[in-house]
Asks: 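Here it is, the structure, as structure tokens.
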Amino acid sequence: MMTNPSVGTRIKYIRELNHYTREELAKYAGISSKFLYEIETCQKGMSAAVLLKICQALEVSCDYIMTGNENYQCSEELIHILEAFDDTQIPNVKNILMAVLEVSKF
């Protein structure tokens, strides 16, 4: 069982960033909302299997949850597309991507 205050804090942060309630994330991860609360508040640790389920539900790497290191890998194709926008277009692109992210959660 692993316990680290930062782990629970990062899980809660990503959950809230994704606009999930504790109950929703618990359901997606196949655990109880009480257990998720205990993980987020560092009252209980979790197994590697539970960590993996939570990370899959949040669509975040286990490495980020465990260490806080953001090591995102983005395809070259996507990078080239984003680089094609000029500075005046970037705010609109960001708004569109945020809208797509919201819709993709349903």
Side-chain angles (χ1 to χ4, degrees):
M1 290 281 193
M2 58 185 83
T3 58
N4 179 334
S6 299
V7 170
T9 301
R10 281 190 287 274
I11 290 170
K12 182 178 179 182
Y13 171 74
I14 297 297
R15 175 179 62 79
E16 291 175 345
L17 193 65
N18 284 298
H19 306 287
Y20 291 147
T21 65
R22 190 172 286 120
E23 291 75 19
E24 288 171 325
L25 177 56
K27 179 181 172 187
Y28 299 147
I31 61 176
S32 73
S33 59
K34 180 178 186 257
F35 184 40
L36 180 57
Y37 170 80
E38 292 168 336
I39 291 168
E40 289 182 348
T41 58
C42 305
Q43 295 176 23
K44 286 195 176 177
M46 67 188 133
S47 67
V50 170
L51 172 65
L52 179 60
K53 288 179 184 181
I54 291 171
C55 289
Q56 288 172 333
L58 290 172
E59 297 180 353
V60 67
S61 73
C62 292
D63 182 53
Y64 171 72
I65 294 298
M66 293 301 299
T67 67
N69 293 332
E70 296 183 39
N71 188 13
Y72 297 111
Q73 294 182 350
C74 192
S75 74
E76 288 293 320
E77 180 182 13
L78 183 55
I79 291 169
H80 290 301
I81 292 169
L82 292 172
E83 288 174 339
F85 292 99
D86 65 42
D87 291 343
T88 62
Q89 296 170 313
I90 294 297
N92 290 335
V93 171
K94 181 180 177 183
N95 289 337
I96 291 167
L97 290 174
M98 293 303 291
V100 169
L101 178 62
E102 283 298 314
V103 171
S104 70
K105 293 178 186 172
F106 296 109

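Computation of the quantities below employed the complete heavy-atom set of this structure, encompassing side-chain atoms and omitting hydrogens, waters and symmetry-equivalent molecules. Throughout, residue positions are numbered sequentially from 1 according to the sequence presented.
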Asks: Check for me, please, whether Ile31 and Leu52 land in the same ILVMFWY cluster - side-chain distances under 4.5 Å, paths through other members count.
Replies: no
Asks: Under 4.5 Å between any side-chain heavy atoms of Leu51 and Met66, yes or no?
Replies: yes
Asks: Which value, rounded to the nearest 0.5 Å, describes the distance between Leu101 atom CG and Ile96 atom CD1?
Replies: 14.0 Å
Asks: Locate the shortest heavy-atom distance separating Ile90 from Leu82; write the atom from each residue and the value.
Replies: CD1-O, 4.3 Å
Asks: Report yes if the side chains of Glu16 and Ile11 come closer than 4.5 Å at any heavy-atom pair, otherwise no.
Replies: no
Asks: Any side-chain heavy atom of Tyr28 within less than 4.5 Å of one from Lys53?
Replies: no
Asks: Minimum heavy-atom separation for Ala57 and Ala29, please, with both atom names.
Replies: CB-N, 4.1 Å
Asks: Using modelled atom types and a 3.5 Å cut-off, is there a donor and acceptor pairing between side-chain atoms of Arg22 and backbone atoms of Leu36?
Replies: no
Asks: Cluster question for you: counting only ILVMFWY and a side-chain heavy-atom cut-off of under 4.5 Å, with indirect links fine, are Leu25 and Tyr37 together?
Replies: no
Asks: What distance separates Leu97 CG from Glu102 CD, expressed to the nearest 0.5 Å?
Replies: 12.5 Å
Asks: Compare all side-chain heavy atoms of Thr21 with those of Glu24 and state whether any distance is below 4.5 angstrom.
Replies: yes
Asks: Glu40 pairs by side-chain hydrogen bond (donor to acceptor under 3.5 Å, both in side chains) with which of Lys12, Arg10, Arg15?
Replies: Arg15
Asks: Quick one: pull up CD1 in Ile81 and CG in Leu78 and give me the separation to the nearest 0.5 Å.
Replies: 6.0 Å
Asks: Rounded to the nearest 0.5 Å, what separation is found between the OG atom of Ser61 and the CD atom of Gln56?
Replies: 12.0 Å
Asks: Is it the case that more than 12 heavy atoms not belonging to Gln89 sit under 6.0 Å from its CD atom?
Replies: yes
Asks: Is there a side-chain contact between Leu58 and Tyr20, using heavy atoms and a 4.5 Å cut-off?
Replies: yes
Asks: Mind checking what makes side chain to side chain contact (heavy atoms under 4.5 Å, CB included) contact with Lys34, not counting sequence neighbours?
Replies: Ser32, Glu38
Asks: Using side-chain hydrogen bond (donor to acceptor under 3.5 Å, both in side chains) as the criterion, list what pairs up with Asp86, not counting sequence neighbours.
Replies: Thr88
Asks: Going hydrophobic residue to hydrophobic residue with side-chain gaps under 4.5 angstrom, can you get from Ile54 over to Tyr13?
Replies: yes
Asks: Would Val50 and Ile39 satisfy side chain to side chain contact (heavy atoms under 4.5 Å, CB included), going step by step from the backbone distance to the final call?
Replies: CA-CA 10 Å; Val50 170; Ile39 291 168; 4.2 Å; yes
